Amino acid sequence: MMDTEQVNYQKARMNHWNAVARKMGTWSGFGGYYHRRITEIFQFLVPAGQRVLDIGCGKGDLLAALKPGYGVGVDFSSEMIQCAKERHPDLRFIQADAHCVDITETFDYI
C-alpha cells in the first residue's frame, strides 16, 4: 500500500511523461543521434526473433527495431503506451509502473 506522498509522486511522474508523449511528434534536436546509436547497440546485442521485454519502452520504437519473435513493452505513461500500440500493433504493450509490474512470462532479453 502506498502512502499519500508516494501516490502524489507517482501522479506527478505520470503527468510529466504523458506531457512528454504529447510533445514527441513536434520535437527535433539532439535526441535523434542518441536513439539511433542505442538502437544500433541493442541490435548488435539482441538477435532477431528473441523474446524481449522492454521496460520504459516509450513509443516502442527500440523494441520494434529489435525484431523480436515476441515483444512486450512496459511504460508508465498511458499516452506513450497508446502511441506504441498504434505504431507497433504486432507487439504487446502494458501500462504499468516498472517498480511493481506483474509479468509471469519468461524472456530471453530484458
Side-chain angles (χ1 to χ4, degrees):
M1 184 85 176
M2 289 193 278
D3 64 24
T4 303
E5 187 174 318
Q6 288 173 311
V7 170
N8 289 339
Y9 177 69
Q10 188 178 51
K11 286 180 183 178
R13 285 178 40 230
M14 186 179 294
N15 288 337
H16 168 76
W17 288 109
N18 283 336
V20 169
R22 286 189 293 272
K23 294 178 184 176
M24 287 185 88
T26 63
W27 283 348
S28 63
F30 300 109
Y33 173 78
Y34 168 80
H35 290 286
R36 284 190 304 277
R37 186 64 181 136
I38 290 295
T39 299
E40 290 171 358
I41 291 168
F42 278 95
Q43 286 173 329
F44 176 78
L45 297 171
V46 179
Q50 301 298 302
R51 294 177 58 87
V52 179
L53 173 63
D54 183 1
I55 299 175
C57 67
K59 300 182 297 179
D61 294 343
L62 175 59
L63 180 61
L66 298 178
K67 298 181 177 62
Y70 177 69
V72 176
V74 176
D75 202 279
F76 191 68
S77 166
S78 59
E79 295 191 34
M80 289 284 192
I81 290 296
Q82 184 59 40
C83 180
K85 287 179 177 180
E86 291 170 6
R87 292 169 70 91
H88 309 289
D90 54 321
L91 300 172
R92 181 173 166 223
F93 293 98
I94 301 168
Q95 192 267 323
D97 188 332
H99 295 102
C100 55
V101 66
D102 184 23
I103 296 177
T104 58
E105 301 165 81
T106 60
F107 295 89
D108 301 311
Y109 293 87
I110 299 174

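Fair warning: this is a prediction, and the values are worked out from it, not measured in the lab.
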Across all chains, not counting sequence neighbours, the side-chain contact (heavy atoms from CB on, under 4.5 Å) partners of D54 are C57, L62, L63
(Q) Determine whether a donor-acceptor pair (N or O, by modelled atom type, separation under 3.5 Å) exists between the side chain of Q50 and the backbone of P68. (A)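 Checking the backbone N and O of P68 against the side chain of Q50, no donor-acceptor pair under 3.5 Å is found.
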- Query: Below 4.5 Å, heavy atoms only, C-beta onward: do F93 and D75 meet side chain to side chain?
  - Reply: no
* **Flag side-chain contact, heavy atom, 4.5 Å: H88 against D61** =>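 In contact.
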Could you tell me whether the side chains of Q6 and Q10 share a donor-acceptor contact shorter than 3.5 Å?
no
For V101, the other hydrophobic cluster members (4.5 Å side-chain criterion, sorted by chain and number) are L53, I55, Y70, V72, V74, I94, I103, F107, I110
In terms of heavy-atom contacts, A65 and T39 come closest through CB-CG2, 3.6 Å
When every non-hydrogen atom of A84 is compared with those of G60, the smallest separation belongs to CB-N, 4.0 Å
Practice problem: To the nearest 0.5 angstrom, please state how far the NZ atom of K67 sits from the CD atom of Q43. | Solution: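 If we round to the nearest 0.5 Å, K67:NZ and Q43:CD are 6.0 Å apart.
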Could you grab the distance from atom CD of Q95 to atom CD of E79, nearest 0.5 Å is fine?
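Those atoms lie 10.5 Å apart.
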Self-check item: Qualifying salt bridge (Lys or Arg N to Asp or Glu O under 4.0 Å) pairs, either residue in residues 10-20, two or more places apart
Solution: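 Non-adjacent pairs meeting salt bridge (Lys or Arg N to Asp or Glu O under 4.0 Å): R13-D97.
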In terms of heavy-atom contacts, does CD of E105 have more than 12 from other residues, nucleotides or ligands at under 6.0 Å?
yes
